[in-house]
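Heads up, the thing below is written out as structure tokens.
Model, not experiment: these values are computed from the prediction. Each chain gets a letter, A, B and so on, in the order the sequences are listed, and its residues count up from 1. Side chains are part of it too, since the values below use all heavy atoms of this structure and drop only hydrogens, waters and symmetry mates.
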2 protein chains.
Amino acid sequence: MASVKANPAKMGRPRSFREDEALDAAMRVFWQKGYEGTSLDDLTGAMKINRSSLYSTFGDKEALFRRVMKQYSAGPLSFMSEALNLKTARAVVEALLRMSVKFLGDPGHPPGCLSIQGGLACGSGNEEVKQAMVDWRKAGLAQLQKRLQRARAEGDLRKGVDPKDLARLIMIVMNGLGIQAVNGATPAEMNRAVDLALQSLRL
Amino acid sequence: MASVKANPAKMGRPRSFREDEALDAAMRVFWQKGYEGTSLDDLTGAMKINRSSLYSTFGDKEALFRRVMKQYSAGPLSFMSEALNLKTARAVVEALLRMSVKFLGDPGHPPGCLSIQGGLACGSGNEEVKQAMVDWRKAGLAQLQKRLQRARAEGDLRKGVDPKDLARLIMIVMNGLGIQAVNGATPAEMNRAVDLALQSLRL
DNA sequence: ACACATCTGAACCGTACGGTTCAAAAGTAA
DNA sequence: TTACTTTTGAACCGTACGGTTCAGATGTGT
């Protein structure tokens with residue numbers, strides 16, 4: 001008979017690229033050029049994939065970008081969860097800032113942070129992407145606030161400081177560091193600013 | 001005879017728009033949408049000018065943007081020079097942060113700061129604009145460094161703090177505040193973070 | 001009323017964009 | 001070898017972009 005179809009799942013021509021590697025290449029392009037500044041040709045060129053492979057594997061440009069955001073959170077940005085798992089508020093804050101400097105200044109990838117580089121302002125038609133990035137950044141703040149509120153409950157934070165305010169200040173500094181990195185500040189320069197912040201902010 | 005031409009400078013149809021008002025409108029568009037996200041139609045629409053008026057008055061999109069940068073420095077960003085003229089380092093720093101919050105959260109104009117919103121990452125072909133913005137931001141940092149170095153020379157700064165590091169930290173916080181404003185943080189929220197920064201950074 | 005300089009509106013140009021489609025190639029399992 | 005499924009490359013589509021041009025409208029100074 002006609003219907004032989006043994007194992008449909010494994011039939012057909014296999015992919016010539018690895019999905020996560022392609023995503024990684026796309027991440028770098030978005031990181032460097034921003035969402036709006038990235039063209040499909042930029043993407044297919046970096047991912048070494050043609051348009052239809054991109055389309056069938058990831059969907060359109062926006063869907064790809066959202067996949068990249070996920071991958072970025074789980075990969076390059078994973079130091080944040082690591083830092084948040086440290087035992088004391090002081091350790092968390094110090095690790096966040098130090099690791100941010102190390103991360104932002106790493107010459108192995110584009111400067112700055114995708115959560116900012118990807119798109120801060122957007123033209124008409126990309127409002128949803130812009131909003132997604134706002135939500136993304138706010139989620140990071142919320143995580144830190146939660147961690148510091150726990151610290152407060154554990155008596156791990158001076159009475160004088162409100163955990164929500166402190167969390168916001170730390171995020172401000174982290175984001176500001178991202179701008180500095182784009183401006184070409186060296187890790188040493190950024191670390192000296194962080195020294196000052198940490199020695200002031202005696203927790 | 002033919003050559004009557006009395007005062008060539010004042011002849012011809014006068015402009016139906018004021019140059020600075022048009023610039024102001026363009027500023028808001030770039031501020032909101034970024035350089036790449038802004039189309040010529042966005043600009044002509046907001047400026048109530050047609051393309052040829054824009055072209056003949058300001059040159060192309062990039063030249064207009066550079067004019068806008070100048071206007072922005074002289075206008076919305078003038079609080080920086082005001083702050084830098086204050087007498088003590090402490091007053092300078094406090095004014096910079098407080099005025100930044102007030103400025104960034106002002107509902108009378110787009111959120112954030114043009115020096116960041118205008119373009120942090122750029123696609124191919126706009127590298128020069130991106131570089132101009134990097135230079136712009138670095139110039140702001142240099143101004144502040146200079147002022148704080150003067151403070152140090154005047155014995156107006158604790159021995160422990162390097163004026164260049166302090167300047168960078170202040171810029172980091174100012175830039176970070178700009179991101180917060182875009183994220184929708186209220187002036188009150190930003191001010192509480194600034195409270196914390198200022199009370200920590202006892203100068 | 002006149003001549004003149006300048007501005008204005010609208011059309012046009014070439015290019016690049018994001019998105020989509022489809023025949024042909026390619027590899028797998030029987 | 002054969003049947004079958006998926007990927008691949010390239011072409012195509014409509015749209016919007018930034019930039020440019022030009023004939024005609026408009027206000028000025030004489």
In whole angstrom, what separates [X]'s [atom1] from [N]'s [atom2]?
X: B/E62; N: D/dC17; atom1: CD; atom2: P; result: 19 Å
X: A/N126; N: D/dA16; atom1: CG; atom2: P; result: 14 Å
X: B/K33; N: D/dA16; atom1: NZ; atom2: C1'; result: 13 Å
X: A/L40; N: D/dG9; atom1: CG; atom2: P; result: 16 Å
X: A/F17; N: C/dA26; atom1: CZ; atom2: P; result: 17 Å
X: A/F65; N: C/dG18; atom1: CZ; atom2: P; result: 14 Å
X: A/L64; N: C/dC17; atom1: CG; atom2: C1'; result: 16 Å
X: B/E36; N: C/dC17; atom1: CD; atom2: C1'; result: 13 Å

Apply salt bridge (Lys or Arg N to Asp or Glu O under 4.0 Å) to the pair A/D195 and A/R98, showing each step before the final yes or no. CA-CA 9 Å; A/D195 288 341; A/R98 295 300 185 194; 2.5 Å; yes

Please work out which residues in residues 44-61 of chain B have a non-hydrogen atom less than 4.0 Å from an atom of DNA chain C and list them by number. B/N50, B/S52, B/S53

Side-chain N,O (B/S16) to OP1/OP2 (C/dC7) below 4.0 Å: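 For B/S16, the contact criterion (side-chain N or O under 4.0 Å from OP1 or OP2 of C/dC7) is not met.
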
Using 30° and 60° as the class limits, which term best fits the ring planes of A/F79 and A/F103: parallel, tilted or perpendicular? tilted

Classify the ring geometry between B/F58 and B/F17 as parallel (under 30°), tilted (30 to 60°) or perpendicular (over 60°). tilted

Under the criterion side chain to side chain contact (heavy atoms under 4.5 Å, CB included), which of B/L97, B/I170, B/L196, B/V173 is the partner of B/L201?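 That would be B/I170.
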
Looking at B/W136, B/Y72, B/Y35, which one forms a ring-ring contact (aromatic ring centres under 6.0 Å, His included) with B/F65?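 Result for ring-ring contact (aromatic ring centres under 6.0 Å, His included) with B/F65: B/Y35.
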
Tell me the side-chain hydrogen bond (donor to acceptor under 3.5 Å, both in side chains) pairs involving residues 109-129 of chain A, sequence neighbours left out?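 Applying side-chain hydrogen bond (donor to acceptor under 3.5 Å, both in side chains) to every pair that reaches into residues 109-129 of chain A, excluding sequence neighbours, yields A/S124-B/K33.
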
